[in-house]
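Each chain gets a letter, A, B and so on, in the order its sequence line appears, and its residues count up from 1. Given the structure is predicted, the values throughout are model-derived calculations rather than measurements.
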Amino acid sequence: MTLRLYNTMTRQVEDFAPLTPGRVSLYTCGPTIWNYAHIGNFRTFLFEDLLRRWLEASGLTVFHIMNLTDVDDRTIQAAAKAGVTLREHVEPYAAAFFADRDYLRILPAHAYPRATQFIAPMITLVESLLAKGIAYRGDDGSVYFAIARFPAYGRLSQLDQRELRSGASGRVSSDEYAKEDARDFVLWKAAQPDDEAVKAAWDAPFGRGRPGWHLECSAMALDLLREKWGGDVLDIHCGGVDLIFPHHEDEIAQSCAHTGKPDFARVWMHAEFLNIRGAKMSKRFGNITTARDLKEDGVDAAALRLFFFQTHYRQRLDLNDESIAQAVAGLRRLGDFAARLEAAPAASSGAVGAAATAELEGAATLLREQFTAALDDDLNAPRAVAALFDFVTAGNRALDRGAGASGPAREAFRWAAGVLDVLPTPKAADAELAAWVEERIQSRRAARQARDFAKADLIRDELAARGVTLEDGPGGTKWRVG
RNA sequence: GGCGCCGUAGCCAAGUGGUAAGGCAGAGGUCUGCAAAACCUCUAUUCGCGAGUUCGAUUCUCGCCGGCGCCUCCA
């Protein structure tokens, strides 16, 4: 079985083979740091995190780039409104993004290029397109990409099969007189007073201005890829489904017109949207939930990862209190088992124990097979999670029968749980609480030994009132919060 | 108007032309002083509705009903 991925370009699941055997260039469109990224943004980033991890788990060397858009209409407007420079406005949100990323256990990309740090390559790209006659300067001083001069335009979003209704989304209101064709998109925007005010304007041979949104991804991806591996075609390019058109379509147009290659990326992957309480999450609707909101609510990031991975990335899903609660409950089962497996003796005793150990190792083999098959199949994380839970059930059964938690069993579970990274976050120790609980447990043990169960139960109720649950086992009494 | 997606048990959610994974919740049982956790058993003769293709459809086709996405700077 080899890795197969759904390619938006062909609308099919295809065998994945990197351009150069053994290594993969992965470009993922990152956040616009004009504000806090919301949990919907992070659904996409989490999908990309899993993709990255699975490529690496498959033995590939991944070069992962994620851009930060630090100059666009929104960042400029927000900075102007606040009366600060673009840089000043954006910096805290960049830091917040990295903090949220770490909370969600998303592996850091190898490069986080920012648009404003790649002005020179962007200017070079625009000049190249002007020289080829594919871009032109409009009456307003901006530079536009002439779609009519790039026949392949629309391949990704299958524009040839669509009848575009300009402005149908209700999000466009600008007059288009400066363009030759209403569908042309801007490469370089002539500087406006607000741009100057927030220091978001740069000199260029074709006029002072600032980059259009799509330009940065082409310039940064091509620049970094050339520097790193001398290439100009990405293996995989990802983003949210909303980026298919126009963002990725325009990236392809710019990049391919410039490089002359038929592809900008060989595989295009897009994550579906996350709804929040039944509605699309958007700052326009004021129903934003950020990662930090969930963190403040005490939601374990592992529960969120589990929640997202229990639905396929190309499937829409809804985040609400119920869905989080279900994920939290599932996470507890995984966490309990993980602790049990780690604590169990490595060796078993007797014939029954040996049989149980063999059973556990058989389950471990099955876990590896099913987990691999699931993720190889277009990153079918729900099936991978199911394989993990199947192992939990089989593992608990085997341990009940005295199995030894042998190396292969532990390693298989650590490996699978590690790829998804869905084991509970260790809770920060509350020494004061722990001391009190331990004292109560000692009192209860004394009461139980005296067979004074009324008193023992009273103590348990007392602990329960503070959220502490007890578990009496052969090795003594264990406790947990929640 | 154009392009496209979805509708599977109380909830979430995989899936396949051959008779329904997994999670949460629930019921009974084992274990336990009682619990908790764990384990066992049970919980959709059925996959929005209707018709068609087929030996056979949840899975393919058509229609309908119901939700929804995109259509120029939203992940």
Self-check item: Candidate list A/C238, A/P108, A/P31, test side chain to side chain contact (heavy atoms under 4.5 Å, CB included), partner A/M66, passing option
Solution: A/P31
Quiz item: Between A/R105 and A/D421, is there a salt bridge with N-O shorter than 4.0 Å?
Solution: yes
Practice problem: Could you tell me whether A/R74 contacts a base, only the sugar-phosphate backbone, or nothing, with contacts defined as non-hydrogen atoms closer than 4.0 Å? | Solution: sugar-phosphate
Quiz item: What is the nucleic acid contact for A/R316, judged by heavy atoms within less than 4.0 Å: base, sugar-phosphate only, or nothing?
Solution: base
Quiz item: Under 4.0 angstrom, heavy atoms only, what part of the nucleic acid is A/S323 near: base, sugar-phosphate, or nothing?
Solution: nothing
Self-check item: Watson-Crick or G-U counterpart of B/G63, or none if no pair lies under 3.5 Å
Solution: B/C49
Quiz item: Using a cut-off of 4.0 Å on non-hydrogen atoms, how would the nucleic acid contact of A/Q315 be classed: base, sugar-phosphate, or nothing?
Solution: sugar-phosphate
Self-check item: Sugar-phosphate, base or nothing in reach of A/N396, heavy atoms under 4.0 Å
Solution: sugar-phosphate
Practice problem: Assess whether atom CZ of A/R451 is packed by more than 12 heavy atoms of other residues, nucleotides or ligands within 6.0 Å. | Solution: no
Exercise. Quick one: look up who B/A44 pairs with, Watson-Crick or G-U, both distances under 3.5 Å, and put none if it's unpaired.
Key: none
Quiz item: For atom C1', what is the distance between B/A57 and B/C62, given to the nearest Å?
Solution: 15 Å
Exercise. Looking at every strand, decide which applies to A/D318 at a 4.0 Å heavy-atom threshold: base, sugar-phosphate, or nothing.
Key: nothing
Quiz item: What integer distance in Å separates A/L388:CG from B/G23:C1'?
Solution: 11 Å
Quiz item: Looking for any heavy atom pair under 4.0 Å, which part of the strands does A/R314 touch: base, sugar-phosphate only, or nothing?
Solution: nothing
Practice problem: Establish whether the base of B/A35 is bridged to the side chain of A/R460 by a donor-acceptor pair shorter than 3.5 Å. | Solution: yes
Practice problem: Can you tell me, in whole Å, how much space there is between the P of B/U59 and that of B/U46? | Solution: 15 Å
Quiz item: What is the distance, rounded to the nearest whole Å, between atom CD of A/Q77 and atom P of B/C73?
Solution: 12 Å
Quiz item: When the nearest nucleotide of RNA chain B is assigned to A/A327 and to A/E471 on a heavy-atom basis, which residue is associated with the more 5' position?
Solution: A/A327
Quiz prompt | Criterion side chain to side chain contact (heavy atoms under 4.5 Å, CB included) against A/L86, the qualifying member of A/D72, A/D195, A/I76 | solution = A/I76
Quiz item: Want to settle it: does A/N320 or A/M281 sit nearer the 5' end of RNA chain B, counting the closest nucleotide to each?
Solution: A/N320
Exercise. Could you walk me through whether A/E251 and A/H237 pass side-chain contact (heavy atoms from CB on, under 4.5 Å), step by step?
Key: CA-CA 11 Å; A/E251 281 184 34; A/H237 192 134; 2.7 Å; yes
Self-check item: Nearest listed nucleotide, side chain of A/A386, among B/C40, B/G22, B/C70
Solution: B/G22
Quiz prompt | P-based separation of B/A14 from B/G7 [nearest Å] | solution = 9 Å
Quiz item: Less than 4.0 Å between a side-chain N and a carboxylate O, is that true for A/R332 and A/D300?
Solution: no
Quiz item: Is any N or O donor-acceptor pair between the side chain of A/D242 and the base of B/G69 shorter than 3.5 Å?
Solution: no
Exercise. Give the rounded distance in Å between these two atoms: OH of A/Y36 and C1' of B/A75.
Key: 19 Å
Practice problem: Classify the side chain of A/K280 versus the base of B/C68 as yes if they form a donor-acceptor pair under 3.5 Å and no if they do not. | Solution: no
Quiz prompt | Side chain of A/L317 (C-beta onward), nearest among B/A13, B/G23, B/A75 | solution = B/A13
Quiz item: Between B/C5, B/A14, B/G23, which one does the side chain of A/Q326 approach most closely?
Solution: B/G23
Exercise. Could you state the atom-to-atom distance from CH2 of A/W34 to C1' of B/C73 in whole Å?
Key: 13 Å
Quiz item: A/D457 CG to B/A35 P: how many Å, rounded?
Solution: 10 Å
Quiz item: So what does A/F389 hit on the nucleic acid, given a heavy-atom distance under 4.0 Å: a base, only sugar-phosphate, or nothing?
Solution: sugar-phosphate
Quiz prompt | Pair of N/O donor and acceptor under 3.5 Å linking B/G15 base with A/R383 side chain | solution = no
Practice problem: Using a heavy-atom cut-off of under 4.0 Å over every strand shown, decide if A/R332 touches base, sugar-phosphate, or nothing. | Solution: nothing
Exercise. Looking at every strand, decide which applies to A/T69 at a 4.0 Å heavy-atom threshold: base, sugar-phosphate, or nothing.
Key: nothing
Quiz item: Paired with B/U16 by Watson-Crick or G-U wobble geometry, both distances under 3.5 Å: which nucleotide is it?
Solution: none
Exercise. Please determine, for the side chain of A/F185, which listed nucleotide (B/C40, B/U72, B/C11) has the closest atom?
Key: B/U72
Self-check item: Whether A/F245 and A/Y153 hold their rings parallel, tilted or perpendicular, with breakpoints at 30° and 60°
Solution: perpendicular
Quiz item: How long is the line joining CG of A/D336 and C1' of B/A38, in whole Å?
Solution: 9 Å
Quiz prompt | Nucleotide forming a Watson-Crick or wobble pair with B/A57, both distances under 3.5 Å | solution = none
Practice problem: Tell me the partner of B/C31, counting only Watson-Crick (N1-N3 plus N6-O4 or O6-N4) or G-U wobble (N1-O2 and O6-N3) with both under 3.5 Å; none if nothing fits. | Solution: none
Quiz item: Can you tell which of B/G15, B/A37, B/C73 lies closest to the side chain of A/N380?
Solution: B/G15
Exercise. Look at all strands and tell whether A/D250 reaches a base, only sugar-phosphate, or nothing, counting heavy atoms closer than 4.0 Å.
Key: nothing
Quiz prompt | Residue A/R444, side-chain heavy atoms: nucleotide from B/C24, B/C34, B/A14 that is nearest | solution = B/C34
Quiz item: Whole-Å distance between B/C6 P and A/E272 CD?
Solution: 9 Å
Quiz item: Is the A/H270 ring parallel, tilted or perpendicular to the A/W268 ring (thresholds 30°, 60°)?
Solution: parallel
Quiz item: Of the nucleotides B/C73, B/A75, B/A21, which one has an atom closest to the side chain of A/P382?
Solution: B/A21
Quiz item: What is the pairing partner of B/G1, taking Watson-Crick or G-U wobble pairs with both distances under 3.5 Å in any strand?
Solution: B/C71
Quiz item: B/A21 and B/G15: how far apart are their C1' atoms, nearest whole angstrom?
Solution: 7 Å
Quiz item: If you look at every strand shown and take non-hydrogen atoms under 4.0 Å, does A/G330 touch a base, only sugar-phosphate, or nothing?
Solution: sugar-phosphate
Exercise. Tell me what A/L399 touches on the nucleic acid: a base, only sugar-phosphate, or nothing, going by heavy atoms under 4.0 Å.
Key: nothing
Quiz item: Between A/E462 and A/K455, is there a side-chain N and carboxylate O pair less than 4.0 Å apart?
Solution: no
Quiz item: Contact class for A/A329 (heavy atom, under 4.0 Å): base, sugar-phosphate, or nothing?
Solution: sugar-phosphate
Quiz item: Using purine N1 to pyrimidine N3 plus N6-O4 or O6-N4 for Watson-Crick, or N1-O2 and O6-N3 for G-U wobble, each under 3.5 Å, what pairs with B/C24?
Solution: B/G10
